Amino acid sequence: MHLFSDYHLHPQGHRLQPYSQELLQPWADHARRIGLRDIALTDHDRYHRGVDFDEIDRLRAANPDLKIRAGIELDNDPVHSAAGRAWVEKNWNQLDFVLGSIHFLRGDWAFDHAGEEAEFARRDINEVYADYYERIRAMAASGLVDCMAHLDLVKIFGFRPTNEFSDVLDAVLSEIHNANLAMELSTAGWRKPVGELYPSDEIIRRAIATGIPFTTASDGHSHVQQGGNFERLAEKMSDLGIPEVSIFNRHQRSAVPL
Ligand SMILES: [Zn+2]
Ligand SMILES: [Zn+2]
């Protein structure tokens, strides 16, 4: 099984860097080098001003052997996400793919940043998980996304709830299914302290049972992170019995057998 699509990439990295061929071509070059044929550029919505659809068209013209999808990762940034949502609505017809994610919890806490372990230790972990999944449900129901990113990101530092969260997860997965969204399998979790795929095997099994389709993703913030650990992900998908992957063109999802 060879995975050919990476649907979570950040050409701008962690700062505003307007799209240009100089910025984007290395992503196409590296994708081709490692056997990717279909990639989605999904910068954080707080950097939407750097996204340029004409530059994406130029990149497509220069790399006709690759499918290059125009996307964005929409989150719940307390400062920027209102403008991000407005931008997604305005540019919906030019976008192929919108990821939905949660990066902020109660008190505008950017919980996944390096060094936030102390705050995890200080808070009530069950409350943190309940807050996180409530926000995930709201994002899934927003009508503005095609796919949920790193669904259990809240485990990033390895803090686990002590309460049972099965019912909450089932409600989240029902919401995702009812909204007809896909869910990504993100290898980023393997390079984070938790050292585990996003989402967990348990969530993946429940998602399969619910009928939710999957994309494959690295969440690369540098072009060399594209397709990271995809051999390992292919093994995992094979073990879990996932025979196909979802791709998107202008928000239209199709399934490709692997
Ligand atoms: Zn994210
Ligand atoms: Zn991301």
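Below, all heavy atoms of this structure are taken into account, side chains as well, without hydrogens, waters or symmetry copies. The model shown is predicted, which means the values in this text are computed figures rather than measured ones. Ligands are counted one by one from 1 in listed order, and the atoms in each one are counted from 1 as well.
Within a 6.0 Å radius of NZ in Lys155, other residues, nucleotides and ligands contribute more than 12 heavy atoms.
In summary, an N, O or S atom of Glu73 is located under 2.8 Å from the Zn ion (ligand 1). Residue side and main chain included, His221 places no N/O/S atom under 2.8 Å of the Zn ion (ligand 2). The Zn ion (ligand 1) has an N, O or S atom of His150 closer than 2.8 Å. At a cut-off of 2.8 Å, His103 is counted among the residues with an N, O or S atom near the Zn ion (ligand 1).
In this structure, a donor-acceptor pair under 3.5 Å is present between the side chains of His8 and Glu184. Remark: the Ser81 side chain and the Asp45 side chain contain no N/O donor-acceptor pair separated by less than 3.5 Å. Using modelled atom types and a 3.5 Å distance limit, the side chains of Asp6 and Ser218 yield a donor-acceptor pair. Donor-acceptor pairing under 3.5 Å is recorded for the side chains of Asn180 and Arg253.
Note on His8: its N/O/S atom closest to the Zn ion (ligand 2) is NE2. The atom name of the N/O/S atom in Asp219 closest to the Zn ion (ligand 2) is OD1.
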